[in-house]
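All of these numbers come straight from a predicted model, not from anything done at the bench.
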Amino acid sequence: MNKYNKDQKTKYANAIFIAAIILIIGAAIVAHLAYGITPVIVDGISMKPTLHTGDVAIMYKEPYSNIKIGNIIVYNYYGTLIIHRVIGIYEHNGTECFIIKGDNNLIPDPGYPQYCGYYTVDGFTTGGVPYFEIKGVIWTYNGNEPIVIPYIGSFALAIRGTGSDTF
């Protein structure tokens with residue numbers, strides 16, 4: 001094989017690689033815009049053993065009326081996104097509220113009592129999370145096993161730094 005043929009093969013391989021990357025990025029953008037699908041990086045120990053720091057989970061938009069006990073959701077807590085499991089659902093003054101707890105946490109999340117009042121579950125009184133703070137549901141299979149790419153998000157966490165392990 002001469003040098004010219006080798007250079008041509010390298011150019012074709014590079015073009016195919018670039019085209020594949022463009023297609024993957026394009027598919028990700030379409031999935032996000034059409035279905036609200038977004039990758040999220042797990043940061044913290046609160047969902048162990050289900051999720052680990054650095055795991056990448058897939059979040060999708062879901063009407064709050066379809067969210068069930070056992071679903072893993074992503075919600076906004078005063079500017080921080082939290083990934084935890086729904087352990088209860090109730091209504092307070094016309095607002096649908098969700099009791100949320102990390103699998104590795106002993107008590108439910110504090111929630112937003114100003115919107116959801118207080119609710120007692122498993123002997124703990126807590127505020128719920130109102131439906132409008134829920135950003136999405138983690139994609140699962142076999143019931144509530146999350147679909148994740150293990151530890152691939154660790155690189156991004158190493159660059160930006162990790163948050164608190166409180167939640």
Residue pair Val86 / Lys68, side-chain heavy-atom distance below 4.5 Å
no
Would Ile100 and Tyr78 show up in the same hydrophobic cluster when neighbours are defined by side-chain heavy atoms closer than 4.5 Å?
yes
Same cluster or not: are Ile67 and Tyr112 linked, directly or through other Ile, Leu, Val, Met, Phe, Trp or Tyr residues, by side-chain heavy atoms under 4.5 angstrom apart?
yes
So, taking the atom named CG in Leu51 and the one named CG in Asn104, what distance separates them when rounded to the nearest 0.5 Å?
11.0 Å
So, do Ile69 and Ile89 sit near enough that their side-chain heavy atoms are less than 4.5 Å apart?
yes
To the closest 0.5 Å, what do you measure between CG (Leu81) and OG1 (Thr38)?
10.5 Å
Nearest heavy-atom approach of Val56 to Pro39 is CG1-CB, 3.8 Å
Apply ring-ring contact (aromatic ring centres under 6.0 Å, His included) to the pair Phe98 and Tyr75, showing each step before the final yes or no.
CA-CA 10 Å; Phe98 299 84; Tyr75 76 95; 9.9 Å; no
Kindly compute the distance separating CD1 (Ile73) from OH (Tyr64), expressed to the nearest 0.5 Å.
14.0 Å
Is any side-chain heavy atom of Thr50 less than 4.5 Å from a side-chain heavy atom of Ile72?
yes
Sub-4.5 Å side-chain heavy-atom contact between Ile83 and Val42
yes
For residues Phe17 and Ile21, determine if any side-chain heavy atom of one lies less than 4.5 Å from a side-chain heavy atom of the other.
yes
Less than 4.5 Å apart, side chain to side chain, heavy atoms only: is that true for Asp55 and Ile149?
no
At what distance, to the nearest 0.5 angstrom, does CZ of Phe124 lie from CD1 of Ile107?
6.0 Å
His92 to Tyr115 - nearest heavy-atom pair and separation:
CD2-O, 3.3 Å
Provide the full list of salt bridge (Lys or Arg N to Asp or Glu O under 4.0 Å) pairs with a residue in residues 74-91, sequence neighbours left out, each pair given once.
Arg85-Asp103
What are the two closest heavy atoms between Thr53 and Tyr151, and how far apart are they?
O-CD2, 3.4 Å
For Pro110 and Tyr77, work out which heavy atoms get closest and say how close.
CG-OH, 3.3 Å
Are Pro108 and Ile87 side-chain neighbours, meaning at least one heavy-atom pair lies under 4.5 Å?
yes
Any donor and acceptor pair, going by atom type alone, linking the side chain of Thr125 with main-chain N or O of Thr120 inside 3.5 Å?
no
Let me have the donor-acceptor pairs involving side chains of residues 129-140, under 3.5 Å, with sequence neighbours excluded, atom names and distances please.
residue, atom, partner, partner atom, Å
Glu133, OE1, Asn76, ND2, 3.0
Thr140, OG1, Gly143, O, 3.2

When every non-hydrogen atom of Tyr141 is compared with those of Pro146, the smallest separation belongs to CE2-O, 3.9 Å
So Ile99 and Tyr90, side-chain contact (heavy atoms from CB on, under 4.5 Å) or not? Walk me through it.
CA-CA 8 Å; Ile99 302 293; Tyr90 67 99; 3.5 Å; yes
Any side-chain heavy-atom pair of His84 and Asn105 under 4.5 Å
yes
Determine the minimum heavy-atom distance between Cys97 and Gly128, stating which atoms define it.
CB-CA, 4.4 Å
